[in-house]
Each structure stands twice: as C-alpha cells, then as structure tokens.
Amino acid sequence: MSHVKTALTTPSRSRLGRRRPVRAAFLALVATAAAVFATPAPSMASGDNYLPECVYASVSCQTGVATTAPPSDARCYSNAIFRVKVCIVYAGDFVYVQDLEADGNSALARIHSGSGNVNARWCRNSLGHNLWVMCNFDWVEDTLKQVSGGYRYSYENYSITSLGQFSNN
C-alpha cells in the first residue's frame, strides 16, 4: 500500500514580495483614474450651475454670500421694472445684488466684458426680498463692462435687462 503525502503549500515570500508592488501599482492606477474622471470640468468646478450658460469655460456663475449693503463708494444700478439693484465695487471686483421683489425668484446680476478668458460673470441672490448678497470675481481691469440685472425663474428661464456700464472707475 502506498502512501501519498499531500502537502499544502503557500507561496514563498519571494513570490508574495513580487505581487505587492504590482498590486500597489494597480491600486494607484485605479485611484488616479477615479480622481481624473470624477473631477468636474474647470468651468463647473469654479462656480454654481444654476443657468445653462454656467457650464461654459467663458462664464463664471456664483451664488452670492449674505452681506450688508455695499459700501458708500459702490457704483449702483437698478431697474424699477425688474426690481433688482446691482452695485459694483471696482477695486475689489465685488458685485452686490439686492432682490427688490418678494416673488420667490432669485435676483441676478451679469457683468459682461469682451476680453479675458471669462466674458460673463453671474451673481445670484437666492436669499430673498430686500436681502443683499456679494460675489467676488476677478476681471480684466482695462475693459468696458456691461451691467445687467433681472430674475431667474427656473434653470432655463430668466429675464435680464441692461442697467449700465463701467470701466476703470
């Protein structure tokens, strides 16, 4: 009668040692791919996506932060029909927006210029009637800027009107 010996074998340390770097490299590759594909495009990463235009790299959209009224040296524009007030502090590239209508819609300001990588800057006041918000942009200093204001009714529907223009204060 013959005896058969069976032995369980485990990989030698040298084989395990070779697998670890390969596994680590594979995990690093997977993590890098996940980070690259999960990161939003720069235009989306730099602001809010509350209008269809906000997805373009040449547009910056911000939802303003609550603040008090702008400083006395701000240049302000308003429109009685659209019930919005927009103030600019040129030295800091600040845009202030006050919602003058208790209708549940967000007040909007748009600063448009013909030069630089970003041509349109949107500031949204989602806080409501009589409240102020401030957005902090970075625009090219030596160009004429068009100021518009109005309301956002939904993602695809908004109304704005020209309020004025400024350059180099």
Side-chain angles (χ1 to χ4, degrees), residues 30-169:
V30 169
T32 302
V36 167
F37 291 111
T39 303
S43 61
M44 291 173 57
S46 65
D48 298 332
N49 187 11
Y50 52 81
L51 294 174
E53 294 86 48
C54 295
V55 299
Y56 298 111
S58 62
V59 177
S60 175
C61 296
Q62 294 181 19
T63 296
V65 296
T67 188
T68 57
S72 60
D73 64 340
R75 179 182 250 170
C76 294
Y77 309 85
S78 61
N79 183 288
I81 296 172
F82 282 83
R83 306 283 293 154
V84 62
K85 188 171 188 178
V86 177
C87 298
I88 308 296
V89 176
Y90 189 79
D93 300 348
F94 297 113
V95 176
Y96 292 79
V97 181
Q98 184 183 29
D99 187 339
L100 300 175
E101 183 71 37
D103 60 3
N105 296 315
S106 297
L108 296 172
R110 182 183 73 181
I111 312 302
H112 188 269
S113 65
S115 67
N117 292 333
V118 177
N119 300 117
R121 291 160 178 85
W122 289 89
C123 182
R124 176 176 69 149
N125 181 340
S126 61
L127 298 183
H129 182 240
N130 279 337
L131 298 174
W132 284 97
V133 299
M134 181 190 72
C135 295
N136 185 1
F137 294 107
D138 185 22
W139 52 57
V140 176
E141 305 301 327
D142 62 349
T143 62
L144 181 68
K145 317 266 184 319
Q146 303 292 326
V147 179
S148 300
Y151 283 92
R152 174 189 175 269
Y153 305 106
S154 68
Y155 177 76
E156 293 181 352
N157 296 306
Y158 62 90
S159 295
I160 62 170
T161 188
S162 178
L163 300 175
Q165 59 187 20
F166 68 94
S167 68
N168 290 340
N169 278 10

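What's counted below: heavy atoms across the whole structure, side chains too, no hydrogens, waters or symmetry copies.
We find the CD-OG1 distance between Gln165 and Thr143 to be 11.5 Å, quoted to the nearest 0.5 Å. Note that CH2 of Trp122 is 11.0 Å distant from CZ of Arg152, once rounded to the nearest 0.5 Å. With values rounded to the nearest 0.5 angstrom, Trp132 atom CH2 is found 4.5 Å from Gln98 atom CD. In this structure, Asp73 CG and Tyr90 OH are separated by 14.0 Å, a value rounded to the nearest 0.5 Å. Atom OG of Ser60 and atom CG of Asn117 lie 12.0 Å apart (nearest 0.5 Å).
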(request) Would you please test Val133 and Cys123 for side chain to side chain contact (heavy atoms under 4.5 Å, CB included) and show each step? (result) CA-CA 8 Å; Val133 299; Cys123 182; 4.3 Å; yes
(request) Let me see the working for Asp99 and Asn130 under side chain to side chain contact (heavy atoms under 4.5 Å, CB included), right down to the final yes or no. (result) CA-CA 5 Å; Asp99 187 339; Asn130 279 337; over 6 Å; no
(message) As a quick check of understanding, evaluate side chain to side chain contact (heavy atoms under 4.5 Å, CB included) for Asn119 and Val59, giving each step before the final call.
(response) CA-CA 6 Å; Asn119 300 117; Val59 177; over 6 Å; no
(request) Show the numbers, then the answer: is there a side chain to side chain contact (heavy atoms under 4.5 Å, CB included) between Gln62 and Phe137? (result) CA-CA 9 Å; Gln62 294 181 19; Phe137 294 107; 3.4 Å; yes
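No side-chain donor-acceptor contact under 3.5 Å links Glu156 to the backbone of Pro52.
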Under 3.5 Å, side-chain donor or acceptor atoms of residues 105-114 against the rest of the protein: list the pairs with distances, not counting sequence neighbours.
| unit_1 | atom_1 | unit_2 | atom_2 | d |
| --- | --- | --- | --- | --- |
| Asn105 | ND2 | Asp103 | OD2 | 3.3 |
| Ser113 | OG | Ser115 | O | 3.4 |

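Remark: Asp93 pairs with Asp138, Trp139, Glu141 by the side chain to side chain contact (heavy atoms under 4.5 Å, CB included) rule, at least two apart or across chains. The ring-ring contact (aromatic ring centres under 6.0 Å, His included) check on Tyr77 picks up nothing, with sequence neighbours excluded. Take Thr63 and apply the side chain to side chain contact (heavy atoms under 4.5 Å, CB included) test, not counting sequence neighbours, and it matches Asp48, Tyr50, Arg124, Ser126. A search for side chain to side chain contact (heavy atoms under 4.5 Å, CB included) contacts involving Leu131 returns Leu127, not counting sequence neighbours.
When all heavy atoms of Ala74 and Cys87 are compared, the pair lying nearest together is CB-CB, 4.1 Å. The two residues Val84 and Gly149 have their closest heavy-atom pair at CG1-C, 3.7 Å. The two residues Ile160 and Phe82 come nearest to each other via the heavy atoms N-CE2, 4.0 Å.
The salt bridge (Lys or Arg N to Asp or Glu O under 4.0 Å) analysis of residues 77-86, with sequence neighbours excluded, yields the pairs Arg83-Glu101.
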